[in-house]
Amino acid sequence: MSDYQNLTFENQDGIGIVTINRPKALNALNADTMGELDTLMDALAKDASVKAVIITGAGDKAFVAGADIAYMQPMTAVEGRAWAKYGQAVFNKIENLPQPVIAAVNGFALGGGCELAMACDIRIAADKAKFGQPESSLGIPPGFGGTQRLARLVGKGRAKELLFTADMIDAAEAYRIGLVNKIVAPEELMDAAQAMARKILSRSPLGVQVCKAAVNEGLDTDLETGVAYEAEVFGLCFATADQKEGMAAFLEKRKANFTGK
Ligand code: CAA
């Protein structure tokens with residue numbers, strides 16, 4: 001996993017750290033970067049040695065300042081649609097990774113950068129981070145899932161305000177409206193993301209995996225279908241060693257030793 005030009009990947013004791021690495025362009029997402037992200041997500045989905053993933057941006061200024069505007073500017077309508085579909089497919093892979101994924105938002109998360117953060121399960125932001133969907137100022141809507149995930153995360157009214165005004169909001173406002181889970185000092189960002197990942201890893205891996213799947217599945221459907229899915233995965237868990245161990249450990253007043261089996 002080391003041949004990437006536009007991102008870096010490191011497995012730190014089971015936590016995969018993905019860093020988008022084009023700091024001169026504020027980590028803007030061009031075709032090569034998206035291709036590498038796509039390849040990496042396919043590899044991570046199959047890599048049992050990576051138990052959780054953290055996505056961040058290189059440098060101290062940006063998480064990701066959006067899709068690459070220079071790359072997109074000459075596109076035809078057909079190319080624009082293909083680009084949006086490709087970006088959506090890559091971000092869907094992130095959203096549907098079996099592992100929990102945390103965005104460690106270290107700076108600007110604009111356009112495709114905000115969309116990348118929203119495709120992650122949890123967002124932790126440095127207090128200097130800035131969020132926004134400025135696409136309406138470029139003559140386009142967000143194309144990598146922003147119109148859909150933003151409204152699901154912060155509600156229709158707030159999403160429309162951000163989309164229509166193209167305003168940038170600071171981390172405190174992003175926290176207030178539910179776009180980020182937690183705010184920390186910039187120098188504490190990676191430690192905070194690691195600590196969150198380690199806490200999740202101390203829980204039953206299968207329990208976490210089915211929670212993720214049930215939330216994702218449920219938000220794409222009606223309540224009745226969502227709770228039916230929940231009942232199925234709830235039942236399935238009773239066929240796992242993690243369920244037997246987790247409940248036995250509680251009853252025996254000891255710490256559970258989960259195996260993910
Ligand atoms: N695409 C391409 N290049 C970008 C970029 C982007 N999204 N964002 C920043 N850059 C480049 C700049 O062009 C500049 O390059 P040069 O040094 O070669 O001129 C470099 O990164 C540094 O940027 P600035 O000089 O602009 O830095 P700043 O501190 O003055 O401003 C900023 C920072 C407010 C983030 C500003 O760069 C900005 O507004 N960037 C664009 C944000 C944006 O509109 N994002 C949405 C893109 S569209 C999209 O993402 C569609 C989609 O959903 C798929």
Side-chain angles (χ1 to χ4, degrees), residues 5-8 18-38 40-41 55-95 101 103-120 123 125-154 156 158-174 179-180 186 189:
Q5 307 299 315
N6 300 284
L7 51 84
T8 64
V18 181
T19 306
I20 311 295
N21 190 25
R22 294 184 71 215
K24 281 195 185 131
L26 302 187
N27 303 320
L29 302 169
N30 61 4
D32 289 344
T33 311
M34 290 302 283
E36 291 181 9
L37 206 47
D38 189 12
L40 178 59
M41 291 308 128
I55 301 182
T56 193
D60 58 6
K61 202 166 161 185
F63 173 68
V64 166
D68 192 306
I69 298 170
Y71 173 71
M72 291 185 293
Q73 200 271 339
M75 280 181 179
T76 64
V78 171
E79 288 164 347
R81 184 177 60 182
W83 174 235
K85 282 187 180 291
Y86 183 57
Q88 290 168 7
V90 174
F91 286 9
N92 286 347
K93 284 183 187 181
I94 296 174
E95 188 168 66
V101 185
V105 183
N106 52 310
F108 291 112
L110 302 174
C114 190
E115 292 169 293
L116 172 60
M118 291 192 291
C120 299
R123 285 148 291 284
D127 55 19
K128 68 184 179 87
K130 296 259 191 324
F131 296 80
Q133 296 288 164
E135 286 89 345
S136 64
S137 64
L138 297 167
I140 53 171
F144 291 174
T147 58
Q148 305 307 303
R149 290 197 178 92
L150 186 61
R152 281 165 172 75
L153 266 173
V154 306
K156 208 162 143 180
R158 287 194 171 113
K160 285 181 177 169
E161 182 183 342
L162 285 168
L163 293 165
F164 297 177
T165 63
D167 277 349
M168 245 193 264
I169 56 171
D170 62 17
E173 177 66 0
L179 183 54
V180 303
L189 180 63

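Ligands are counted one by one from 1 in listed order, and the atoms in each one are counted from 1 as well. In this text the structure is predicted, and so the values were computed from the model without any measurement.
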If you compare L138, N30, T147, D68 by their heavy atoms, the one closest to atom 48 (S) of ligand 1 turns out to be L138
At what distance is the nearest protein heavy atom to atom 36 (C) of ligand 1, and which residue and atom is it? L26 CD1, 4.6 Å
Considering only non-hydrogen protein atoms, determine which one is nearest to atom 51 (C) of ligand 1 and report residue, atom name and distance to 0.1 Å. E135 OE2, 3.5 Å
For atom 4 (C) of ligand 1, the protein heavy atom that lies nearest, with its residue and separation: A25 O, 3.8 Å
Would you find more than 12 non-hydrogen atoms of other residues, nucleotides or ligands less than 6.0 Å from D167 atom CG? yes
Should the heavy atoms of other residues, nucleotides or ligands under 6.0 Å from CD of Q5 be counted, would the total exceed 12? no
Enter the distance from L138:CG to Q73:CD here, rounded to the nearest 0.5 Å. 10.5 Å
Can you give me the closest heavy-atom contact between A109 and C114, atom names plus distance? O-CB, 3.3 Å
Side-chain donor-acceptor pairs under 3.5 Å in residues 82-89, sequence neighbours left out?
unit_1	atom_1	unit_2	atom_2	d
Y86	OH	D38	OD2	2.8
Q88	NE2	G143	O	2.9

For atom 47 (C) of ligand 1, closest protein heavy-atom neighbour: A67 O, 3.6 Å
Going by the atom numbers of ligand 1, which of them fall below 4.0 Å from some non-hydrogen atom of F144? 53 (O), 54 (C)
State, to 0.1 Å, how close V154 and A159 come at their nearest heavy-atom pair, and which atoms those are. CG2-N, 3.7 Å
Please give me the minimum heavy-atom distance between A166 and P134, naming the atom from each residue. CB-CA, 3.7 Å
What protein heavy atom lies closest to atom 53 (O) of ligand 1? Include the residue and the distance to one decimal. E115 OE1, 2.5 Å
In ligand 1, which numbered atoms sit nearer than 4.0 Å to a non-hydrogen atom of G111? 46 (C), 50 (O)
Atom 13 (O) of ligand 1 within contact range, any protein heavy atom under 4.0 Å: no
Between F144 and E115, what is the shortest heavy-atom contact and its length? N-OE2, 2.8 Å
One finds that the ligand 1 atoms under 4.0 Å from a non-hydrogen atom of G112 are 49 (C), 50 (O), 53 (O)
Can you check whether P142 has an N/O within less than 3.5 Å of an N/O in ligand 1? no
With L162 via side-chain contact (heavy atoms from CB on, under 4.5 Å) - residues at least two apart: L150, I169, I177
Which ligand 1 atoms does K61 reach within 4.0 Å, using its non-hydrogen atoms? 27 (O), 28 (P), 29 (O)
Side-chain donor or acceptor of K128 paired with backbone N/O of G107 under 3.5 Å: no
Taking all non-hydrogen atoms of both residues into account, name the closest pair between A117 and V105 and its distance. CB-CG2, 4.2 Å
Is at least one protein non-hydrogen atom found at under 4.0 angstrom from atom 29 (O) of ligand 1? yes
Heavy-atom closest contact (A126 atom, A171 atom, distance): O-CB, 3.6 Å
Output yes when a protein non-hydrogen atom is found under 4.0 Å of atom 1 (N) of ligand 1, and no otherwise. yes
Is G87 close enough to touch ligand 1? Criterion: a residue heavy atom under 4.0 Å from a ligand atom. no
If you have a sec, work out which protein heavy atom is nearest atom 39 (O) of ligand 1 and how many Å separate them, to one decimal? L110 CD1, 4.6 Å
Among all the protein's heavy atoms, is there at least one whose distance to atom 26 (O) of ligand 1 comes out below 4.0 Å? no
Could you check atom 17 (O) of ligand 1 against the protein and tell me its nearest heavy-atom contact, residue, atom and distance included? K24 O, 4.5 Å
Check ligand 1 against F108 and write out every atom of the ligand that is under 4.0 Å from a heavy-atom position of the residue. 33 (C), 35 (C)
If only atom types and distance count, is the side chain of T19 paired as donor or acceptor with the main-chain N or O of T8 below 3.5 Å? no
With a 4.0 Å cut-off on heavy atoms, is G146 in contact with ligand 1? no
Atom 45 (N) of ligand 1 [closest protein heavy-atom partner, distance rounded to 0.1 Å]: A65 O, 2.9 Å
Rounded to the nearest 0.5 Å, how far does CG of N27 lie from CG of L110? 11.5 Å
Check whether any N or O atom of M72, backbone or side chain, sits under 3.5 Å from an N or O atom of ligand 1, and answer yes or no. no
Flag atom 21 (O) of ligand 1 as yes if some protein heavy-atom distance to it falls below 4.0 Å, otherwise no. yes
